[in-house]
A.B. asks: 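Dumping the structure here so I can ask a few things about it.
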Amino acid sequence: MTDRLRLAVPNKGRLLSPSIGLLRDAGYSFEDRERALVAQVRNAPVDILFVRTGDVGEFVADGVADVGITGSDLLAEADLALPEVRRLGYGRCRLTVAVPEESHDRSVGDLAGRRIATAHPRVVRRWFAAEGIPVEVVALSGAVEVAPKLGLADAIADLVSSGSTLIVNGLRPLVEILDAEATLVASAASLLNRAEAIASLDLMLGAAVAARGRRYLMMNAPEDLLPVIESLIPGLESPSVIRLSHAGMIAIHVVVDADSIADLLPRLRAAGASGMLVLPIEQLVA
Ligand code: AMP
């Protein structure tokens with residue numbers, strides 16, 4: 001048995017490119033996939049197995065891979081009870097129940113006795129059973145959104161991110177039954193036997209996820225302005241303060257949300273900060 005950690009990731013589809021991007025941001029160096037099934041990471045004992053998004057869970061459950069990255073909706077549907085190691089913050093979507101615009105159904109309760117088309121039959125059956133609403137689930141593997149037009153179903157339960165596909169297909173959302181995103185999972189056995197290797201992978205993926213949307217902000221200011229500057233920066237705990245060679249001047253270094261920069265810089269400038277630099281952060285370990 002190899003002592004390299006085997007990580008299964010999607011080989012195509014919408015989770016492929018962001019998963020590769022995350023692994024690279026986390027510092028892992030490997031050849032582009034081309035047609036290979038396995039890529040060896042050059043700078044860490046990890047082998048990447050490229051498999052279908054919907055098969056990642058099975059590969060992990062069967063022990064072919066130790067860990068995997070796939071959509072949490074697919075994991076819920078496969079019902080494999082794999083331990084989630086970390087949610088990865090991309091591929092976000094909601095499994096949404098929707099009806100044709102012209103339908104008289106206004107709430108989920110109105111769906112009693114209706115046919116619901118979905119590629120997530122188990123999740124949908126479970127949800128409606130828990131709500132005590134009897135429905136007939138029509139399992140489809142794709143093109144769920146056209147099922148009502150084809151007369152296959154009265155409603156659908158499909159993955160939605162922006163909601164534009166629903167609108168284009170003349171569908172009206174009734175309720176969201178599951179929030180999903182790309183997720184790192186492991187098998188219970190690997191969590192036990194490969195604990196250290198999985199912890200390292202998790203640390204590096206977590207560091208790359210945490211760095212996204214954050215910036216490193218450096219500025220100079222007169223020392224006596226420190227309390228004012230601290231009060232302007234939301235959620236600031238303990239900034240690094242470095243004394244400069246100019247008497248009474250300090251440099252202040254902080255990590256801030258990227259979204260706050262546009263509002264923050266003019267206010268810091270007005271308060272007396274100068275020499276402001278905003279830098280990207282590649283990895284952040286708390
Ligand atoms: P794929 O079929 O390989 O393109 O991947 C589908 C997976 O991408 C789903 O199972 C979800 O986890 C994720 N996903 C994220 N947003 C959406 C969306 N708007 N529609 C379908 N899948 C999405």
Side-chain angles (χ1 to χ4, degrees), residues 1-16 18-28 30 37-41 44-95 118-127 129-130 157 159 176-212 283-286:
M1 193 190 98
T2 167
D3 61 357
R4 296 173 66 81
L5 193 75
R6 286 156 310 175
L7 164 66
V9 303
N11 64 356
K12 57 181 172 209
R14 63 174 80 215
L15 298 184
L16 168 61
S19 299
I20 299 291
L22 176 64
L23 288 165
R24 294 209 195 282
D25 286 353
Y28 295 110
F30 52 92
L37 288 177
V38 182
Q40 286 200 344
V41 173
V46 177
D47 286 342
I48 302 171
L49 277 56
F50 293 98
V51 306
R52 283 181 35 201
T53 314
D55 290 342
V56 167
E58 285 293 347
F59 271 70
V60 176
D62 293 349
V64 180
D66 300 295
V67 281
I69 293 176
T70 189
S72 53
D73 56 297
L74 296 170
L75 295 164
E77 179 61 23
D79 217 3
L80 296 166
L82 291 174
E84 270 188 20
V85 180
R86 175 181 295 276
R87 295 215 155 199
L88 300 171
Y90 59 89
R92 285 212 170 105
C93 54
R94 288 111 40 212
L95 187 59
T118 183
H120 295 75
R122 279 194 183 144
V123 173
V124 172
R125 259 187 220 111
R126 230 181 283 145
W127 191 85
L159 295 174
E176 290 163 5
I177 66 176
L178 184 81
D179 279 320
E181 70 186 273
T183 300
L184 177 69
V185 285
S187 65
S190 293
L191 267 187
L192 209 62
N193 304 329
R194 310 302 312 271
E196 213 174 302
I198 293 175
S200 297
L201 176 72
D202 179 38
L203 181 92
M204 294 317 299
L205 295 185
V209 171
R212 292 179 169 175
Q283 284 136 17
L284 196 156
V285 180

A.B. asks: State, to 0.1 Å, how close V60 and G68 come at their nearest heavy-atom pair, and which atoms those are.
C.D. replies: CG2-N, 3.6 Å
A.B. asks: I'd like to check L178 versus W127 (side-chain heavy atoms, cut-off strictly below 4.5 Å). Are they in contact?
C.D. replies: no
A.B. asks: Looking at side-chain heavy atoms only, is the closest gap between L95 and V124 below 4.5 Å?
C.D. replies: yes
A.B. asks: Compare every heavy atom of V185 with every heavy atom of L75, then report the nearest pair and how far apart it is.
C.D. replies: CD1-CG1, 3.4 Å
A.B. asks: Do V38 and F50 have side-chain heavy atoms sitting under 4.5 Å apart?
C.D. replies: no
A.B. asks: Does a salt bridge link E77 with R122, judged by any charged N lying under 4.0 Å from a carboxylate O?
C.D. replies: no
A.B. asks: Find out whether V67 and L5 are in side-chain contact, i.e. whether some heavy atom of one side chain is under 4.5 Å from a heavy atom of the other.
C.D. replies: yes
A.B. asks: Check whether R94 reaches the backbone of D179 with its side chain - one donor and one acceptor, N or O, closer than 3.5 Å.
C.D. replies: no
A.B. asks: Supply the atom-to-atom distance N11 CG to I48 CD1, rounded to the nearest 0.5 angstrom.
C.D. replies: 13.0 Å
A.B. asks: Which distance, rounded to the nearest 0.5 Å, do you find between the CG of D62 and the OG of S187?
C.D. replies: 10.0 Å
A.B. asks: Using modelled atom types only, decide if a donor and an acceptor are shared between the side chain of R194 and the backbone of A189 within a distance under 3.5 Å.
C.D. replies: no
A.B. asks: Quick check: does any side chain N or O of Q283 sit under 3.5 Å from a backbone N or O of D25, one acting as donor and the other as acceptor?
C.D. replies: yes
A.B. asks: Going by heavy atoms in the side chains, are V41 and L23 under 4.5 Å from each other?
C.D. replies: no
A.B. asks: Of all heavy-atom pairs between I198 and S190, which one has the smallest distance, and what is that distance?
C.D. replies: CD1-O, 3.4 Å
A.B. asks: With rounding to the nearest 0.5 Å, note down the distance linking CG in D3 to CG in N193.
C.D. replies: 13.0 Å
A.B. asks: Can a salt bridge be assigned to the pair R6 and D66 using a cut-off of 4.0 Å between side-chain N and carboxylate O?
C.D. replies: yes
A.B. asks: With no hydrogens and no angle check, is any side-chain donor or acceptor of T53 less than 3.5 Å from a backbone partner on T70?
C.D. replies: no
A.B. asks: Given side chains that start at C-beta, do those of I69 and V56 come closer than 4.5 Å, heavy atoms only?
C.D. replies: no
A.B. asks: Taking atom CZ of R126 as the centre, report whether more than 12 heavy atoms of other residues, nucleotides or ligands fall under 6.0 Å from it.
C.D. replies: yes
A.B. asks: Quick one: CD1 on I177 to CG on D73, what's the gap to the nearest 0.5 Å?
C.D. replies: 11.0 Å
A.B. asks: What distance do L49 atom CG and D55 atom CG have between them, rounded to the nearest 0.5 Å?
C.D. replies: 12.0 Å
A.B. asks: At their closest point, which heavy atom of Y28 faces which heavy atom of S200, and how far apart are they?
C.D. replies: OH-O, 4.0 Å
A.B. asks: Atom CG of L184 and atom OG of S72: how far apart are they, to the nearest 0.5 Å?
C.D. replies: 12.5 Å
A.B. asks: Begin from the C-alpha positions of R87 and V209 and carry the test side chain to side chain contact (heavy atoms under 4.5 Å, CB included) through to its verdict.
C.D. replies: CA-CA 9 Å; R87 295 215 155 199; V209 171; over 6 Å; no
A.B. asks: Looking only at non-hydrogen atoms, find the nearest pair between P10 and S19 and report the distance.
C.D. replies: CD-OG, 4.1 Å
A.B. asks: Measure across Y90 and R212 and return the closest heavy-atom pair with its distance rounded to 0.1 Å.
C.D. replies: CD2-NH1, 4.2 Å
